[in-house]
J.: 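Here it is, the structure, as structure tokens.
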Amino acid sequence: QVVSSAPHIAMFRLAHLATPARSLGLRQFSSVEGDVHRLLMDKFQATKCRVEDISGGCGQSYQVEVESEQFAGKSKLAQTRMVNEALKDYIAQWHAIKVVTTVPKP
């Protein structure tokens, strides 16, 4: 559904809706997503990790989800700071990042 009559907004929304494979996880990682994924897996010995470009494809906003025992006993703020520190070189080039951290359930 197009809310605006502005052509560039309509095009963006149509392009976004035309990628159902993305919502099913059937797309390939960009090189940045792959690099960040490997870095987080290695740094935190993550049991789960997900990295997604949420900028619509321009590579300026990312969501990362990391599950690691290293977060056990730490506040959410401390966990987020750990991830931010690990990604500081990437974050310096991005517009935004959303970090979700969890500890594996026993």
Side-chain angles (χ1 to χ4, degrees):
Q1 181 178 22
V2 177
V3 177
S4 172
S5 61
H8 65 282
I9 294 173
M11 186 181 303
F12 170 77
R13 290 182 186 223
L14 290 175
H16 182 69
L17 294 173
T19 56
R22 179 183 184 126
S23 64
L24 298 173
L26 301 176
R27 64 182 187 87
Q28 293 183 334
F29 278 141
S30 71
S31 63
V32 172
E33 287 169 314
D35 292 347
V36 169
H37 185 267
R38 281 187 292 282
L39 185 148
L40 293 171
M41 290 295 290
D42 292 345
K43 174 78 175 171
F44 297 108
Q45 292 86 47
T47 52
K48 293 181 185 174
C49 183
R50 184 170 160 258
V51 179
E52 182 180 4
D53 178 350
I54 58 172
S55 66
C58 74
Q60 290 297 305
S61 298
Y62 289 86
Q63 177 169 319
V64 298
E65 299 173 15
V66 185
E67 181 179 271
S68 173
E69 285 290 340
Q70 292 184 26
F71 300 140
K74 295 183 174 54
S75 69
K76 282 293 188 182
L77 180 60
Q79 294 172 20
T80 300
R81 285 180 175 166
M82 291 169 66
V83 173
N84 288 349
E85 178 62 27
L87 298 178
K88 67 182 175 186
D89 292 336
Y90 288 99
I91 292 172
Q93 301 170 36
W94 296 344
H95 174 72
I97 183 171
K98 178 179 179 182
V99 177
V100 178
T101 57
T102 55
V103 177
K105 294 181 181 176

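Predicted model only: the values in this text are computed from it and were never measured. Atoms considered below: every heavy atom in the structure, side chains included; atoms not considered: hydrogens, waters and symmetry mates.
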J.: Sequence neighbours left out, what passes side-chain hydrogen bond (donor to acceptor under 3.5 Å, both in side chains) with E69? Give chain and number order.
T.: none

J.: How long is the straight-line distance from OG of S68 back to CE of M41, given to the nearest 0.5 Å?
T.: 9.5 Å

J.: Does the H37 side chain pair with the main chain of R50, one donor and one acceptor, at a distance under 3.5 Å?
T.: no

J.: Do V64 and V100 have side chains that approach each other closer than 4.5 Å (heavy atoms only, starting at C-beta)?
T.: no

J.: Suppose we screen for salt bridge (charged side-chain N to carboxylate O under 4.0 Å, His left out). Which residues come up paired with E67, at least two apart in sequence or across chains?
T.: none

J.: Would you find a donor on one side and an acceptor on the other, under 3.5 Å apart, between the side chain of Q63 and the backbone of V51?
T.: no

J.: How would you list all residue pairs meeting ring pair (Phe, Tyr, Trp, His ring centres under 6.0 Å) that involve residues 45-85, not counting sequence neighbours?
T.: F44-F71, Y62-W94

J.: Tell me, do K76 and T101 make a side-chain contact under 4.5 Å, heavy atoms counted?
T.: yes

J.: With sequence neighbours excluded, what pairs up with Q60 under the side-chain hydrogen bond (donor to acceptor under 3.5 Å, both in side chains) test?
T.: none

J.: For the backbone of D53 and the side chain of E33, can you confirm whether one donor and one acceptor N or O come within less than 3.5 Å of each other?
T.: yes

J.: Apply salt bridge (charged side-chain N to carboxylate O under 4.0 Å, His left out) to R38 and list each qualifying residue two or more places apart in sequence or on a separate chain.
T.: D35

J.: Rounded to the nearest 0.5 Å, how far apart are CD1 of I97 and NE2 of H95?
T.: 12.5 Å

J.: Would you tabulate the side-chain donor-acceptor contacts of residues 81-92 under 3.5 Å, counting partners in other chains and residues two or more places apart, or write 'none'?
T.:
from : atom 1 : to  : atom 2 : distance (Å)
E85  : OE2    : K88 : NZ     : 3.0

J.: Which heavy atom of Q79 sits nearest to which heavy atom of T102, and what is that distance?
T.: OE1-N, 4.4 Å

J.: Using modelled atom types and a 3.5 Å cut-off, is there a donor and acceptor pairing between side-chain atoms of K98 and backbone atoms of E65?
T.: no

J.: Look up atom SG in C49 and atom CG in L40, then write down how far apart they are to the nearest 0.5 Å.
T.: 4.5 Å

